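Just so it is clear, the structure is predicted and the values come from calculations on it, not from any experiment. Quick note: residue numbers are just sequence positions, from 1.
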Amino acid sequence: LLLLSLVRCAGLSHAPSRSFAACALVLLFCLAAGLLYGASRSLDLVLRALPFLGLALLLRAACLDHVTDDYVTFLSDWAAFCRENGGWAAVALPKGNYNAPYLYFLAAISYLPVYDLYAIKLFSVLFDVLLAWGGCRLIAALPGREGGAAARAAAGFCLLLLLPTVVLNGSYWGQCDAIYGALCLHGLASGLSGKPRSSVVLAALAFSCKLQTVFLLPVWAVLWMSRRVRFRDLLLFPATYVLSILPALALGKPLGDVLGVYFGQAAEYSAYLTLNAPSLYALIPYGMEVDTALWSKAGILAAFLLVLGVLGWLLPRRRRLGNEAVMAAAVVFAVGVPLLLPHMHERYFFLADTLTLCWTCTRRRYLPLAVLTQIASLGGYHAYLVLRYAFPMGLGALMLLAVLIASLAALAWTAEENGWNTLYIGSEGGVKAGASCREMFKDCENLEEIIFGQNFDTKDVTDMRMMF
């Protein structure tokens, strides 16, 4: 499969960039295999995954030559602008509506003798691999009953690379949603694995790349309420964001231009309630006259109330929220917020696509939710890429509404259930174990998860026989 990918690269339309694309795919294959081995520490799992990694790269190689209107209208124009205006110096100029980190990338590739289309797509494919790694880490941090933890995580790694919307987003469409998606998944995985500072930093980097990170940001309020993240850790969020824009400011970009990017994006499409997104506004009959401003305000209020309601319901249960409950909350936000908000684009359920798949890898009972989310999201992709509807977008909205209701039910169940199946180890100053931890957790038959965090000091332990 990898050789077929290289054969495809040999037939790419831009001959001078063929070797670059082929080398990039080989390196990405090696990177994917290396990251999977690092996460699983199992050579057997990596060997079993290699065909899926090869297939994932073959699919992407087949998409490299495709040109979309977004590339012609925006991305190629921005890349050419950087090349014609001094590379890094072009970052300071008012061009493009992306935030600073992606402008750095466009400025960097302006110095390369590579076809912009391939460079842009392969950069997104790099983050496809990092996205799969983030999903692998997230699955490993969650309790599950199907198979071993390493096998579940490896399956998630492969499935994320083969998820249709992930394949199409970067390698076919040329979009970069995998960048903020990867950072969000890694941030959530870190938050559930006792790494609060890196979790907040990754969330801030995701926000510095894409405004759509706000769909998932309420999860960090849940992490804070459940004491996985401290308030002082949250202060790293604005600090990281400032650091991400400092190079642009140093290059001469006005602060107002940097901070105004997201406001400009929000206002640019304010005349439309939905832009081929399977949000609730797709249920409005075509041609029906509505007060767009009023419906927009109602949708924003509904999304705000959803977030506020979930956080308020979790607050009194905060001390016994297991990782699965936090994951359920993440799915609720990733599905519910863009479902209710106006002005959503086709790609804005990217986080919902990836999170529901990760959730399914821990419990097969969530498979219908992942399938419905993927079908609804693909409907939006089809509308843009093929310029016709595969099915009424209102049907996609109903699918996602069903997913939201089921996710809320799962959240209610896991928030009540997980508290009694999760053990938290902690006290002021930490817990120092004695010389023997023999049979410490023996007969805890209903225990699914132990949260040690960084609170359990075992340096004096000499006996751990039958500890678990």
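The six-membered or imidazole ring of His66 lies near that of Tyr172, with a centre-to-centre distance under 6.0 Å. Taking the centre of each ring, Phe237 and Trp220 stay at or above the 6.0 Å mark. Between Tyr180 and Phe207, the ring center distance fails the sub-6.0 Å criterion.
Nearest heavy-atom pair, Arg347 versus Asn169, reported as atom, atom and distance to 0.1 Å: CD-ND2, 3.8 Å. Contact detail for Thr73 and Asp77: the closest heavy-atom pair is O-CB, 3.8 Å.
One N or O on the side chain of Thr213 and one on the backbone of Ala206 form a donor-acceptor pair closer than 3.5 Å. No side-chain donor-acceptor contact under 3.5 Å links Ser17 to the backbone of Phe20. Side-chain atoms of Ser199 do not come within 3.5 Å of backbone N or O of Lys195 as any donor-acceptor pair. Judged by distance alone, the side chain of Ser377 and the main-chain N or O of Thr373 form no donor-acceptor pair under 3.5 Å. One N or O on the side chain of Tyr262 and one on the backbone of Lys210 form a donor-acceptor pair closer than 3.5 Å. Side-chain atoms of Ser5 come within 3.5 Å of backbone atoms of Leu58 as a donor-acceptor pair (strictly under, hydrogens ignored). Counting only distance, with no hydrogens or angles, the side chain of Tyr389 and the backbone of His382 share no donor-acceptor pair below 3.5 Å. No side-chain donor-acceptor contact under 3.5 Å links Asp116 to the backbone of Ser76. For Tyr71 (side chain) and Leu117 (main-chain N/O), a donor-acceptor pair under 3.5 Å exists by modelled atom type.
Rounded to the nearest 0.5 angstrom, Leu159 CG and Cys361 SG are separated by 5.0 Å. Leu142 CG to Asn323 CG: the interatomic distance, rounded to the nearest 0.5 Å, is 6.0 Å. How far CZ of Phe350 is from CG of Leu131: 5.0 Å, rounded to the nearest 0.5 Å. We find the CG-SG distance between Leu35 and Cys30 to be 11.0 Å, quoted to the nearest 0.5 Å. To the nearest 0.5 Å, atoms CG (Leu355) and CG (Leu188) are separated by 6.5 Å. To the nearest 0.5 Å, atoms CZ (Phe81) and NZ (Lys95) are separated by 6.0 Å.
Just one residue in the list Arg137, Arg197, Arg228 forms a side chain to side chain donor-acceptor pair (under 3.5 Å) with Ser190, and that residue is Arg137. Looking at Phe127, Phe123, Trp78 one by one, the single match for ring pair (Phe, Tyr, Trp, His ring centres under 6.0 Å) with Phe105 turns out to be Phe123. The side-chain contact (heavy atoms from CB on, under 4.5 Å) test with Phe333 is passed by exactly one of Val214, Leu351, Leu311, Leu217: Leu311.
Within a 6.0 Å sphere centred on CH2 of Trp173, heavy atoms belonging to other residues, nucleotides or ligands number more than 12. No more than 12 heavy-atom neighbours from other residues, nucleotides or ligands sit within 6.0 angstrom of CZ on Phe304. Atom CZ of Phe52 has 12 or fewer neighbouring heavy atoms from other residues, nucleotides or ligands inside a 6.0 Å radius.
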List the steps and the verdict of ring-ring contact (aromatic ring centres under 6.0 Å, His included) for Phe74 and Tyr98.
-> CA-CA 10 Å; Phe74 302 110; Tyr98 270 59; 8.8 Å; no
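The existence of a salt bridge linking Arg8 and Asp65 is confirmed by a sub-4.0 Å separation between a basic side-chain nitrogen and an acidic carboxylate oxygen.
By the 6.0 Å and 45° rule, Arg230 does not stack over the aromatic ring of Trp224.
A donor-acceptor pair shorter than 3.5 Å cannot be found between the side chains of Tyr381 and Glu346.
Counting heavy atoms from C-beta outward, Leu59 and Ser171 have side chains that stay 4.5 Å or more apart.
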